[in-house]
Amino acid sequence: MDYNFTDIEKKWQQYWEENKTFKTVTDTSKPKFYALDMFPYPSGSGLHVGHPEGYTATDIVSRYKRMKGFNVLHPMGWDAFGLPAEQYAIQTGTHPSVTTNKNCDTFRRQIKSLGLGYDWDREINTTDPKYFKWTQWIFSKLYNTWFDKNTNKGRHISELEIPAEIKTAGTIAVREYIDSKRLAYYDNAQVWWCKTCKIVCANEEVLNDGSHEKCGTKEVERRNLKQWMLRIPHYAERLLTGLDGLDWPEGVKDMQRNWIGRSTGAEVDFKLDGLDKNLRVYTTRPDTLFGATYMVIAPEHGMLREITADGHHEQVEAYVKAASLKSDLDRTDLAKDKTGVFSGRYAINPVTGKKIPVWVADYVLIGYGTGAIMAVPAHDTRDFEFAKKFGLDVVCILDPVSAEPALREKVLKGEACWTEDGAYINSENTATGLSINGMNKATGIKTVTSWLEQKNIGKEAVNYKIRDWLFSRQRYWGEPFPIKHYENGDIELADEKELPVMLPELEKFEPGTNGESPLSNAHEWLYGEDAKGKFRRETNTMPQWAGSCWYYLRYIDPTNDSAPFSVEAENYWMPVDLYIGGAEHAVLHLLYSRFWHKVLFDLGIVSTDEPYQKLYNQGMILAFAYETKSGSKVPSDEVEEKDGNFFHKTTGEELTQIVAKMSKSLKNVVNPDDVVKNYGADSLRLYEMFMGPLDATKPWTDTGVKGVFNFLTRAYKFFADTKNIISGQEDPEILKGLHQTLKKVESDIENLKFNTAISQFMIFTNLAIKKGKVTKETAETFAKTLNPFAPHICEELWQLYGHSGSINHSPWPLVNEAYLVENTYEYPVSVNGKMRFKIEFPVDADPKEIEKQVLLDEKAGKWIENMQVVKVIVVPGKIINIVVK
RNA sequence: GCCCGGGUGGUGGAACUGGUAGACACGUUGGACUUAAAAUCCAAUGGCCCGAAACGGUCGUGCGGGUUCAAGUCCCGCCUCGGGUACCA
């Protein structure tokens, strides 16, 4: 009974394909289970071993749930818009759709070779006009939605009430007012521009070191461009509170919370000396108002000109210009050195009545709060640094009572900064009636805020870090916006009947002039005329996020031509019950997608407020790599192993084994095709799951695959050999092992702990082989239980046992607890906490009796003679601990 | 800097809610089979110590303290690796 995995796998993959074993129909009589993988970008290099990790996990759960009687939706598709195919088009002239289709074919072939049970009739592709028609349709919905702060919901733009004064100001004012409320808008924006990619990038896509995440170059600069933006901050609060009810890793939730960045504080108006105007600031520490010794406004602040006093304009303008030209490198880490200039203007501190200088500095950001701050150098590290550099007053108003005496001394003298709690000092003004002296931080904040509200110079306020989402790109290979720009400057959506707005055919894919998208070269496509007049089409395309924002909704009704999906199907299938993918999408994709979903929910298009009920991140699969003492990396084919040590083949230098990302340069890339060829898909699946916890980062080893391959071979040789399969009564030990396995595997699948489930299969197989014979019933139960993990081999066994049809449609076996009942328990006995010996008692033995018996036991004698027994602790079913002196 | 995760044999990892640390597997060693090798099968395998052996001792879950009858698990203070984030007032 050789384990001929190649034939077995080919045979069953063909069977599944021909019989559409995994086809899903919407059948509301059954409970549903929606298992979703983060769909891949089909790159030219094909699948790598990281992809199947998550896919196998959802496949195991899907097969298990199906056998448990659920109607399972487990689809796959392609996130196929993207830069690489377009770059390739520029170089070779090959149309991106050709490249994309080829890559999709490769991915599909590879995925099918892994035996993953997808319903291929539901395959989707974001570049398919039948798909992106609805991406455009959703964009239209965003464009025509505004966020009603009163009801905390998005509503159709036609329901927006126009204030009377706007109405009287005329149609342009009305139009501007409406546009200022739309969730999607077209406006000038300070954006990052990548000179290499010739594309704008969202803030999120520019990494900390000033490089572009897509191409890795540092050719990123600031530009002011007309762009499409989405008002995701309007949903900040909903996106934040929505997280609470989700079964997601806490880390991912934290990352989203940090990204949204909610803070509470107060807005405070400061009178400007010599101007009949106020300067409004946002602060989270209104309690430190007594310590505000100067103010700072951002260089881009709207009141800058007004505020700057005569004689200071020149320096201020020079500073503003320098700040605007700061390169990406200047903005990052080392350049934290603060700069700024005095505006010549003073403001009045409302609680002290003192005049304080107003400075201009770029450490204050225009996009956050009001773009202006009150500076409290004694209790804010940034302000402290700035004040020290420019010789500004530092007034301590909070005594750091808990600090070390030396530090406290310095803080009190204004020589150090203290941001923690303490007791207020110097925080009293009899003229205004405000005193917080002696209070702590929490009461101080409350007291000052209500004082500000009473005096009508400030109020409690909430701020979010999250910014508007830059939603356009200057590329060909993306969804066109369904937008027309008319000659008079009006912007209109294409009519729903005109969707999809197709991409024009192009010969050349180079960007247009001035960095405009290649679409600007498609003259025939570009210009048109309709009832409203002559127009030019929008030449920007949507970012790659667009297609992935809603793909989970298309899977539920993928061929619908009249709607993105039917109401019934959506009602039945949503939300996604299990979503597995890489942690790299913890913020952006998942946040964007939740945002769209919430808008669709508000518009009544979907029935759930959140799309993904349970989320899980698979860990990265790494590989071993080698480096010299000096830390330089050595390609794996240059390394040889001797007695567990590693040496450079040519130089003979001893190398250290490290764990690194798979890369072509390190020559440590593992191709799933090779693994399938050498060990089979079942082994690949099993190994990916056996390596360790699903969410852990772990290194690939070929010997590890061999381990699970050995297991499958042993299992197949035993269970496929009819001589080992008997009829009659099963051995009680086998029965117990089988049901232990069943129980463990079931709970492990539910908890996504596949590595320990597989270990249990190994334990049981070892037992069965040792025993030499099992009943047919046992063998069948084993095959069914193993099926979600190693489906090909299990179909083969199922057929061998005389069944027709797929094992996937047989019911999941039930655990019989009766086989697991134990009469006795072998107690480990510790003496002073150290395990010394074991002793058996009936499971229902009385703890008092156990205590008595254990002290009389001869094995205990050695440990307690000449000792005083202080007490004996008996934890029934667990342990006995004897405490002696 | 701040926010999250990790750190257990030679290796990947296991350990329920505080209760036998090292399941399962790889590797290694020894043996069987073979002319030989591969494959396969059997056995041993955390370190140290004593011993012929033991169901002997002892140390041991990154480090230092603590709580507890009992700590890989809880608490305090560190070290270190990985991820996220970065002047967000």
Side-chain angles (χ1 to χ4, degrees), chain A residues 204 207-208 249-259 261-263 265 281-285 288 296 331-333 335-338 361-365 367-376 379-383 385-386 463-467 583-584 586-587 617 619-620 622 624 641 643-645 657 659 687 690-693 695-708 710-711 713-714 717 747 753 755-763 766 769 826-838 859 862 870-875 877-884:
Chain A
E204 302 87 299
L207 304 178
N208 299 332
E250 273 309 312
V252 175
K253 288 196 200 180
D254 276 336
M255 277 163 71
Q256 295 218 347
R257 287 186 188 114
N258 289 340
W259 195 266
R262 184 185 205 270
S263 78
V281 303
Y282 171 72
T283 177
T284 54
R285 297 290 304 275
T288 59
V296 185
R331 299 180 63 260
T332 55
D333 27 70
K336 290 272 153 98
D337 212 20
K338 298 214 170 18
D362 66 358
Y363 83 89
V364 171
L365 308 173
Y368 186 77
T370 60
I373 61 154
M374 63 178 213
V376 186
H379 306 291
D380 180 286
T381 45
R382 297 151 301 183
D383 297 343
E385 272 174 46
F386 191 82
N463 256 296
Y464 302 91
K465 282 202 274 187
I466 191 169
R467 311 280 176 82
E584 66 271 22
V587 179
N617 295 125
M620 226 191 310
L622 306 176
F624 285 118
E641 192 195 333
D643 306 326
N645 297 313
Q657 191 180 50
V659 168
Y687 178 57
F690 186 62
M691 288 171 82
D695 59 352
T697 303
K698 45 213 177 262
W700 181 277
T701 59
D702 287 323
T703 51
V705 192
K706 220 183 82 190
V708 294
N710 285 346
F711 158 68
T713 309
R714 274 160 63 80
K717 280 186 176 167
S747 89
K753 290 168 69 176
N755 53 332
T756 48
I758 293 166
S759 133
Q760 184 61 40
F761 283 122
M762 291 172 169
I763 292 170
N766 289 343
I769 291 172
E826 193 179 35
Y827 279 90
V829 182
S830 309
V831 179
N832 285 347
K834 281 194 188 190
M835 210 287 283
R836 294 304 182 182
F837 61 93
K838 289 182 185 170
K859 282 179 279 189
K862 173 179 174 185
V870 180
K871 62 170 146 176
V872 179
I873 287 150
V874 177
V875 184
K878 288 248 166 93
I879 202 167
I880 300 164
N881 192 14
I882 305 171
V883 186
V884 296

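Note that this is a predicted model, so its numbers are computed, not measured.
- Across B:U34 and B:U40, the matching C1' atoms stand 12 Å from one another, rounded to whole Å.
- Between A:Ser830 and the choices A:Ile880, A:Ile882, A:Ile873, A:Asn881, the side chain to side chain contact (heavy atoms under 4.5 Å, CB included) rule is met once, by A:Asn881.
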For this session: Quick one, give me the B/S/- string for nucleotides 5-21 of chain B, reading 5' to 3', where B means a protein heavy atom under 4.0 Å from the base and S means that only happens at the primed atoms, P, OP1 or OP2.
Result: -------BSSSB--BB-

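- When rounded to the nearest whole Å, the span between CZ of A:Phe837 and C1' of B:C55 equals 12 Å.
- Partners of A:Lys753 under the salt bridge (Lys or Arg N to Asp or Glu O under 4.0 Å) rule, at least two apart in sequence or in another chain, do not exist in this structure.
- Side-chain nitrogen and oxygen atoms of A:Ser263 include at least one within less than 4.0 Å of the OP1 or OP2 phosphate oxygen of B:A89.
- The residue A:Asn710 sits close only to the backbone: its heavy atoms come under 4.0 Å of sugar-phosphate atoms, none of a base.
- Using Watson-Crick or G-U wobble geometry with both donor-acceptor distances under 3.5 Å, B:G46 finds its partner in B:C59.
- Residue side chain A:Lys338 reaches the base of B:C87 through a donor-acceptor N/O pair under 3.5 Å, judged by distance alone.
- Both distances falling under 3.5 Å, in either a Watson-Crick or a G-U wobble arrangement, occur for no nucleotide opposite B:U68.
- Nucleotide B:C41 is matched to B:G31 when pairs are restricted to Watson-Crick or G-U wobble geometry with both distances under 3.5 angstrom.
- To the nearest 0.5 Å, the span separating CZ on A:Arg714 from CE on A:Met762 amounts to 9.5 Å.
- A distance of 12.5 Å separates OH of A:Tyr687 from NZ of A:Lys706, quoted to the nearest 0.5 Å.
- In this structure, A:Asn766 places its CG atom 14 Å from C1' of B:A43, rounding to the nearest Å.
- The gap from the P atom of B:C78 to that of B:C3 amounts to 13 Å, rounded to the nearest Å.
- In this structure, A:Leu365 places its CG atom 6 Å from C1' of B:C87, rounding to the nearest Å.
- Rounded to whole Å, the separation between the P atoms of B:G62 and B:A15 comes to 16 Å.
- When the P atom is compared between B:G30 and B:C79, the two are found 45 Å apart, to the nearest whole Å.
- Both tests hold for A:Lys338 against A:Tyr363: distance to the six-membered ring centre under 6.0 Å, angle to the ring axis within 45°.
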Nucleotide N/O of nucleotides 66-68 of chain B paired with protein N/O under 3.5 Å:
none

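- At a threshold of 4.0 angstrom between heavy atoms, the contacts of A:Gly369 with the nucleic acid are absent.
- Using P as the reference atom, B:A23 and B:G82 are 29 Å apart when rounded to the nearest Å.
- Between the CZ atom of A:Arg262 and the C1' atom of B:A89 there is a distance of 16 Å, rounded to whole Å.
- A:Asn832 contributes a side-chain N or O that, together with a main-chain N or O of A:Val884, makes up a donor-acceptor pair within less than 3.5 Å.
- If you take CG of A:Leu622 and C1' of B:G83, they are 12 Å apart, rounded to a whole angstrom.
- When the P atom is used for both B:A53 and B:C49, the distance is 14 Å, rounded to whole Å.
- Here CD1 of A:Ile879 is found 11.0 Å from OH of A:Tyr827. Values are rounded to the nearest 0.5 Å.
- Of the residues near RNA chain B, A:Gly261 and A:Lys859, the one whose nearest nucleotide (by heavy atom distance) lies more toward the 5' end is A:Lys859.
- In this structure the side chain of A:Pro249 reaches within 4.5 angstrom of the side chain of A:Asn617, judged on heavy atoms.
- No contact: A:Asn832 has no heavy atom under 4.0 Å from any strand.
- Look at B:G10: its glycosidic torsion is beyond 90° from 0, and that puts it in the anti range.
- Candidate nucleotides B:G27, B:C3, B:U85 were compared by shortest atom distance to the side chain of A:Thr703, and B:G27 ranks first.
- Between A:Asn258 atom CG and B:G83 atom C1' there is a gap of 13 Å when expressed in whole angstrom units.
- Nucleic acid contact for A:Val364: base, since at least one base atom lies under 4.0 Å from a heavy atom of the residue.
- Spacing between atom CD of A:Gln256 and atom C1' of B:G84 amounts to 12 Å, rounded to whole angstrom units.
- Across the P atoms, B:C87 and B:C2 are found 16 Å apart, a figure rounded to whole Å.
- Nucleotide B:A89 holds its P atom 9 Å from the CG atom of A:Asp380, rounded to whole Å.
- A distance-only check finds no donor-acceptor pair linking the side chain of A:Tyr464 to the backbone of A:Ser263 [under 3.5 Å].
- Residues A:Ala361 and A:Phe386 share a closest heavy-atom pair of CB-CE1, 3.7 Å.
- Residue A:Lys706 places at least one side-chain N or O under 4.0 Å from the OP1 or OP2 atom of B:G27.
- Between A:Val587 and A:Gln256, the shortest heavy-atom distance links the atoms O-NE2, 3.6 Å.
- The two residues A:His379 and A:Arg285 have their closest heavy-atom pair at O-NH1, 4.5 Å.
- Distances shown here put every side-chain N or O of A:Arg836 at or beyond 4.0 Å from the OP1 or OP2 atom of B:A70.
- Nucleotide B:G5: paired with B:C81 (Watson-Crick or G-U wobble, both distances less than 3.5 Å).
- Side-chain nitrogen and oxygen atoms of A:Arg714 include none within less than 4.0 Å of the OP1 or OP2 phosphate oxygen of B:U40.
- The C1' atoms of B:A32 and B:A37 are separated by 15 Å, rounded to the nearest whole Å.
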